[in-house]
Amino acid sequence: MPLVTTKEMFEKSMKEHYAIGAFNVNNMEIIQGIVEAAQEENSPVIIQASESAIKYAGFVYLKKMIEAAVETTTIPIALHLDHGASFEICKKCIDAGFTSVMIDGSKLSFEENVNLTKQVVEYAHSKGVVVEAEIGKLAGIEDDVNVASDEAIYTDPEQAKEFVDKTGCDSLAIAIGTSHGAYKFKGEAKLRFDILEKVKEKLPNTPIVLHGASTVIPQLVNMCNEYGGNIPGAKGVPDEMLREASVRGVSKINVDTDLRLAMTASIRKVFAEEPEVFDPRKYLTPARHAIKETVRHKIKNVFGSSNKA
Ligand code: G3H
Ligand code: 13P
Ligand code: ZN
């Protein structure tokens with residue numbers, strides 16, 4: 001089936017209380033691992049690319065690889081721009097056939113964020129494309145996404161409602177305690193489910209998005225460290241909390257860090273155990289498999305989207 005928007009996926013997931021995984025992609029093996037898992041689980045899936053991923057892979061390469069993923073599967077796949085920072089990048093992706101874009105005005109003032117989001121919504125909707133927007137800042141550091149953790153602020157439910165009413169955005173990313181990257185919590189992991197509940201009360205029909213939602217899977221961190229990596233004290237959002245978020249109204253859960261860890265851990269293992277290997281296929285095959293099994297675990301055991309295609 002051709003690429004779809006997230007509209008129907010989210011309508012069904014909100015009715016049946018599960019979440020759709022949105023997985024970040026940079027290269028062919030990551031794309032293949034994700035869609036193979038989603039196909040075998042018969043699950044809808046969102047493939048998302050950040051601006052730096054687009055820069056890395058090249059716009060045309062990325063687009064064509066995703067076309068290949070669509071051509072070789074039968075599940076609903078949405079192609080989403082992750083953290084678009086400007087109207088221009090959103091327009092470029094919309095014009096190129098992305099079915100969903102995120103305009104991330106969360107670093108702007110409320111009014112500026114409203115104005116920018118409105119501009120993107122107007123253009124996107126005229127082309128049949130849906131828009132995710134964000135209010136409230138997330139802590140954490142990713143290449144192009146950098147907010148110091150002491151600046152982290154939670155989403156104000158009242159403001160969330162006003163923002164959706166004013167912009168007409170199709171889904172909303174909120175800040176309830178998650179953050180990007182591998183170091184999300186210093187002590188215990190904690191999410192503000194009370195804020196999620198208030199947002200859902202005010203916006204019962206708006207799909208809610210959780211960024212920075214990797215588990216930072218301990219086995220993968222240990223494996224990286226065991227085979228020469230240095231990622232001490234990494235910590236993410238436990239599966240249990242993501243399960244709770246999925247049933248309590250989060251419709252889209254973003255995962256990048258766990259895929260990075262899965263790929264890196266499996267490549268490190270091959271390099272450490274088989275130093276004679278220099279054929280990239282010998283380490284990229286297990287890496288692709290690790291991506292696939294990580295995605296499968298999330299879809300099947302955490303987000304609950306198996307057999308919802
Ligand atoms: O939220 C950010 C994503 O993990 C993408 O990160 O900009 O390094 O590709 P990136
Ligand atoms: P993680 O860093 O927790 O994987 O979050 C990814 C994300 O939010 C992409 O937008
Ligand atoms: Zn994000």
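This is a predicted model, so every value here is computed, not measured. Both ligands and their constituent atoms are indexed starting at 1 by order of listing. Positions are given from 1 along the sequence.
In terms of N/O distances under 3.5 Å, ligand 1 is approached by Ser50. For ligand 1, the polar-atom distance check finds an N/O of His180 within less than 3.5 Å of one of the ligand's N/O atoms. Of the polar atoms of His211, none of the N or O atoms is found under 3.5 Å from an N or O of ligand 1, judged by distance alone. Polar contact check, His180 against ligand 2: a nitrogen or oxygen pair lies under 3.5 Å apart. Among the atoms of Asn24, none of the N or O lies under 3.5 angstrom from an N or O of ligand 2.
Of all atoms in ligand 2, numbered sequentially from 1 with element shown, those under 4.0 Å from a heavy atom of Val255 are 4 (O). Shown in contact with Asn24 at under 4.0 Å from a heavy atom are these atoms of ligand 1, numbered in order with element: 3 (C), 5 (C). Counting atoms of ligand 1 from 1 in the listed order, those under 4.0 Å from a heavy atom of Asp256 are 3 (C), 4 (O), 5 (C), 6 (O). Within ligand 2, counting atoms from 1 as listed, the ones closer than 4.0 Å to a heavy atom of His83 are 10 (O). Against a heavy-atom cut-off of under 4.0 Å, Lys184 is close to the following atoms of ligand 2: 1 (P), 2 (O), 3 (O). When each atom of ligand 2 is checked for a heavy atom of His211 under 4.0 Å away, the hits are 8 (O), 10 (O). The atoms of ligand 1 that sit less than 4.0 Å from any heavy atom of His83 are 1 (O), 2 (C). Set against the non-hydrogen atoms of Gly181, the atoms of ligand 2 under 4.0 Å away are 2 (O).
In Asp82, the part holding a heavy atom less than 4.0 Å from any atom of ligand 1 is the side chain. The backbone of Ala213, and not its side chain, has at least one atom closer than 4.0 Å to an atom of ligand 2 (non-hydrogen atoms only; backbone = N, CA, C, O).
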Exercise for the section: Quick one: do His180 and Asp256 satisfy side chain to side chain donor-acceptor pair (under 3.5 Å)? Show the steps, please. Expected result: CA-CA 9 Å; His180 292 108; Asp256 189 354; over 6 Å; no
Practice task
Run the numbers on Met263 and Ile30 for side chain to side chain contact (heavy atoms under 4.5 Å, CB included), then give the verdict.
Solution key: CA-CA 8 Å; Met263 186 157 219; Ile30 297 176; 3.9 Å; yes
Practice task
With side chain to side chain contact (heavy atoms under 4.5 Å, CB included) as the test, would you mind laying out the steps for Ile208 and Val199 before giving the verdict?
Solution key: CA-CA 9 Å; Ile208 298 301; Val199 171; 3.7 Å; yes
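Ligand 1 does not have Gln48 within reach: every non-hydrogen atom of the residue lies 4.0 Å or more from it.
Between Phe87 and Tyr123, the ring planes are perpendicular. Angles over 60° get that label, and only those under 30° would be called parallel.
The salt bridge (Lys or Arg N to Asp or Glu O under 4.0 Å) pairs that include a residue from residues 200-223 are Glu158-Lys202, where partners are two or more places apart or lie in different chains.
By heavy-atom distance, the residue among Gly212, Ser214, Ser50, Gly236 lying nearest atom 5 (O) of ligand 2 is Gly212. Comparing Val209, Asp82, Thr257 against atom 1 (P) of ligand 2, the shortest heavy-atom distance belongs to Thr257.
Residue Glu71 qualifies as open at atom CD: its count of foreign heavy atoms under 6.0 Å is 12 or below.
In this view, Tyr56 satisfies the ring-ring contact (aromatic ring centres under 6.0 Å, His included) rule with no residue, not counting sequence neighbours.
The NE2 atom of His180 and the ND1 atom of His211 subtend an angle of 120° at the Zn ion (ligand 3), given to the nearest 10 degrees.
Between Glu11 and Lys15 there is no salt bridge, since no side-chain nitrogen of the basic residue lies less than 4.0 Å from a carboxylate oxygen of the acidic one. The residues Glu162 and Lys166 are annotated as salt-bridged, a charged nitrogen and a carboxylate oxygen being separated by less than 4.0 angstrom. With respect to Glu67 and Lys63, a salt bridge is recorded, a charged nitrogen being found less than 4.0 Å from a carboxylate O.
Contact annotation: the side chain of Lys298 approaches that of Thr215 to within less than 4.5 Å [non-hydrogen atoms, C-beta and beyond]. Side-chain contact between Asn254 and Leu210 is absent, with no heavy-atom pair separated by less than 4.5 Å.
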